[in-house]
Novice: 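Structure incoming, see below.
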Number of protein chains: 2
Amino acid sequence: MGKPPQRTSLEDVARLAGVSPSTVSRALNRPELVSPATRERILEIARSLGYTPDQVARSLKRGKSPTLGLILSDISVSFHADVARGVEEVAQAQGYSLILFHSQESPERERAGLELLKSYRVAGIILEPTGKNRELEEALVQEGIRVVEVDRISGAKGVPSVLSDNLQGAALAAEHLLQAGHRWAFVVGGELGLTSCGERTEAFARRFTAGGGAAEVYTCPSTPEGGYEAALRYLSRGQRPSAVFVTTGQMAQGVLQAFQEQGIAIPQEVSLVVFDDPPWASLVSPPLTAVRQQAQEIGRKAAQRVLGERFPGRPKILRLPTELVERASVARLADPGGSYPPDNPA
Amino acid sequence: MGKPPQRTSLEDVARLAGVSPSTVSRALNRPELVSPATRERILEIARSLGYTPDQVARSLKRGKSPTLGLILSDISVSFHADVARGVEEVAQAQGYSLILFHSQESPERERAGLELLKSYRVAGIILEPTGKNRELEEALVQEGIRVVEVDRISGAKGVPSVLSDNLQGAALAAEHLLQAGHRWAFVVGGELGLTSCGERTEAFARRFTAGGGAAEVYTCPSTPEGGYEAALRYLSRGQRPSAVFVTTGQMAQGVLQAFQEQGIAIPQEVSLVVFDDPPWASLVSPPLTAVRQQAQEIGRKAAQRVLGERFPGRPKILRLPTELVERASVARLADPGGSYPPDNPA
DNA sequence: CTGTTAGCGCTTTCAC
DNA sequence: GTGAAAGCGCTAACAG
């Protein structure tokens, strides 16, 4: 009682306008197929009735909904939020909506999300993959749903990825440290199984080593807590590397917290470079030298690939260049190439 | 050619199981109405076929989709991301999906989002309102769509809100400053038309004045840029208030940037309290004293209100308490109640 | 240019 | 317990 949620339907408009439903439909979707006079009348009536076409019915009929799915481990990571903004931006511009799903890094949740999105008949899915659901990804592609990965590469066949050029970015960091005279670095790597952490760690180590330095890799959860723990580990040593390279902004948060709590002076006691440039990097003391990613652009490009035409010849993996933002967390060492790195870091 | 995106439908399952579609539907939705034997068989076949019920068809039939809409000005504001996480958490737990929409603070985009969500037959909408679409909000409620506002109060009839207890939080900040001996404060208010900024500014001023202090309010865009500009304005004065109160984390970013660039020492030259406690607040030097909001809980509560039963007697506006996190950005003044506030701050 | 017809895939009475 | 039938609101041939 007292509940008349009578949505007005296309049929209502048709009746009032004295035309058939299909004409109304046309007036809305292909106006050029309807005589100007009736078109105007229909549109006018539709407006006056506050008519909104039912997307659900439309999607059922068309077999596809103007919707994109976005599966992220956690939207509150600033990098992810920026990616989401980019995705949403082009989706909205093209008339698509965004369904957001959190995987929380859990393969089961990811699977649930993928299946859910499929059942929603989304036009495409943008996915930060755990890598544990490759078959499902491939199956979705088979069914005609476009899938594009961001930030990681699961290895699923037929699924392109958009991510930062981790090799280039990590090399930038390594080189910068090398040039500042550092020859011994501690790498807070995170979970090396993740494309981002793995590639960054490896590329950094390779470049740094090639330049005559020695890199020690420490793995830990890719979270602030993981970074915190890694930093404590670093500090607990007798002799310490002169520089620390952190592969994600999340971990950097923890690293910084630890250094701060222990009263470690940056860059006097330790130099720091972070892969990723969260908004706070320039706010801390000292401001952090960081490898900036084009997060929003990654989102945009991913959305474009999902929505755009399929170019068979197109590169499967798109790597967006990064940029080194020099701030004040790296000390220039007095004796470049000198004695800092012990001959045997182990 | 080479494109057989044949989704398997309920009918396929029925055929293979040798039963009618309705039985399959029952087996899936009300298993108790189907004999255990057939039920098992159906479920088994469904599984082997990789069958996923089509949400679109289901939603059309049911006239409602298990989906919530979330309209935010910008997901990359950490407070919003946390709200979103909260919303998503309870939505997911209850089997609902989330459609994310960015209003970018534009009433037109908000209207578009609202209309879009309506056309998707979402079960409910969680909205950070611009306040310029009250009639539409009310109309949606009339049509049976639950709408709940977060962080702001538009004033739309029948639309509850969930937000921080701005009065309590601002009072906390004022009191803290008062107790530390401050008697003259500069308030970076932001856009006072927004519930958050307005309430915080007013409550702070009132409490601070009541305690014998003088508060000067400065309005500016509620963005980092706005904060930056406000801080410069503050700095450009001859005599300055001893404390600055910033009503949002976004603006605090800009304020900090400005202070840093100008080499202003906190809290020696100016004390700082921020309403909102973004993840970086504890990372900067000095760590910022902040009023912490229960962002995620705001999201959860909002989602619960959208999804839960309708309690007619329930309070329309839910204000979640905040907490003062004392860190190191407030100086204890030597001469409490003394001469800091000039008799005539103007 | 416009109306008629036939569903999209699923749920839901209503019979059997 | 299970099937048949109707239809959610819209679109897309196909006629006229």
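Chain naming here is simple, since letters A, B, ... match the order of the sequence lines and numbering starts at 1 in each.
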Novice: May I ask you to verify whether the side chain of B/Ser22 and the base of D/dA4 hold a donor-acceptor pair under 3.5 Å?
Specialist: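 Check passes, donor-acceptor contact within cut-off.
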
Novice: Side chains of A/Glu108 and A/Ser106: any donor to acceptor distance under 3.5 Å?
Specialist: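 On atom types as modelled, these side chains qualify, holding a pair under 3.5 Å.
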
Novice: Of the residues in residues 26-38 of chain A, which ones touch DNA chain D at a heavy-atom distance under 4.0 Å?
Specialist: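 DNA chain D contact set from residues 26-38 of chain A: A/Arg26, A/Asn29.
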
Novice: So, does A/Ser9 get its side chain near the phosphate of D/dG9, meaning an N or O under 4.0 Å from OP1 or OP2?
Specialist: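 No, no such contact exists.
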
Novice: Classify the side-chain pair A/Glu128/A/Ser73 by whether it contains a donor and acceptor separated by less than 3.5 Å.
Specialist: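 Note: A/Glu128 and A/Ser73 side chains meet the donor-acceptor criterion.
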
Novice: Hey, does A/Arg39 reach any base, or is it just sugar-phosphate, or nothing, if we go heavy atoms under 4.0 Å?
Specialist: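 It contacts nothing in the nucleic acid.
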
Novice: I'd like to know if A/Glu115 pairs up with A/Lys118 as an ion pair, taking the criterion as any Lys NZ or Arg NE/NH1/NH2 lying under 4.0 Å from an Asp or Glu carboxylate oxygen.
Specialist: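 Looking at A/Glu115 and A/Lys118, the cut-off is not met.
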
Novice: So does A/Lys132 pair up with A/Glu110, basic N to acidic O under 4.0 Å?
Specialist: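 Here A/Lys132 does not pair with A/Glu110 in a salt bridge, since their nearest N and O are not under 4.0 Å apart.
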
Novice: Within the structure provided, determine whether A/Ile317 and A/Leu163 are in side-chain contact (heavy-atom separation under 4.5 Å).
Specialist: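 Touching, per the 4.5 Å side-chain cut-off.
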
Novice: What do you reckon, is CD of B/Gln94 surrounded by more than 12 foreign heavy atoms closer than 6.0 Å?
Specialist: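 Enclosed: over 12 neighbouring heavy atoms sit under 6.0 Å from CD of B/Gln94.
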
Novice: State, without any angle test, whether A/Ser161 and A/Glu149 hold a side-chain donor-acceptor pair at a distance under 3.5 Å.
Specialist: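 Side-chain D/A pair, A/Ser161 to A/Glu149: present.
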
Novice: Rounded to the nearest 0.5 Å, what's the gap from CD on A/Glu297 to CG on A/Leu318? Could you check?
Specialist: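 Interatomic distance, A/Glu297 CD to A/Leu318 CG, rounded to 0.5 Å: 9.0 Å.
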
Novice: Send over the distance from A/Glu11 CD to D/dT11 P, rounded to a whole Å.
Specialist: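 Taking CD of A/Glu11 and P of D/dT11, I get 13 Å after rounding.
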
Novice: In whole Å, what is the span from the CG atom of A/Leu10 to the P atom of D/dA12?
Specialist: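 In whole Å, D/dA12 P lies 12 Å from A/Leu10 CG.
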
Novice: Find the distance B/Lys61:NZ to D/dA5:P and express it as a whole number of Å.
Specialist: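 Value for this atom pair: 15 Å.
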
Novice: Give the intermediate values and the outcome of side-chain contact (heavy atoms from CB on, under 4.5 Å) for residues A/Glu88 and A/Arg85.
Specialist: CA-CA 5 Å; A/Glu88 223 256 348; A/Arg85 268 210 305 173; 5.7 Å; no

Novice: Using heavy atoms and a sub-4.0 Å distance, could you list which residues of residues 50-59 of chain B are near DNA chain D? By number, please.
Specialist: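 Under 4.0 Å from DNA chain D: no residue of residues 50-59 of chain B.
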
Novice: Using a heavy-atom cut-off of 4.0 Å to chain A, what are the terminal contacting nucleotides of DNA chain C, in 5' to 3' order?
Specialist: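 Reading along DNA chain C, I get C/dC1 to C/dG9.
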
Novice: Start with the C-alpha gap between B/Arg41 and B/Glu44, add the side-chain angles, then the distance that decides, and say whether salt bridge (Lys or Arg N to Asp or Glu O under 4.0 Å) holds.
Specialist: CA-CA 5 Å; B/Arg41 190 155 40 85; B/Glu44 174 50 33; over 6 Å; no

Novice: Just by distance, no angles: are the side chains of B/Ser22 and B/Ser25 close enough, under 3.5 Å, to form a donor-acceptor pair?
Specialist: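 No, no side-chain donor-acceptor pair sits under 3.5 Å.
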
Novice: May I ask you to say what A/Val19 touches in the nucleic acid, namely base, sugar-phosphate or nothing, with a heavy-atom cut-off under 4.0 Å?
Specialist: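 Touches sugar-phosphate only.
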
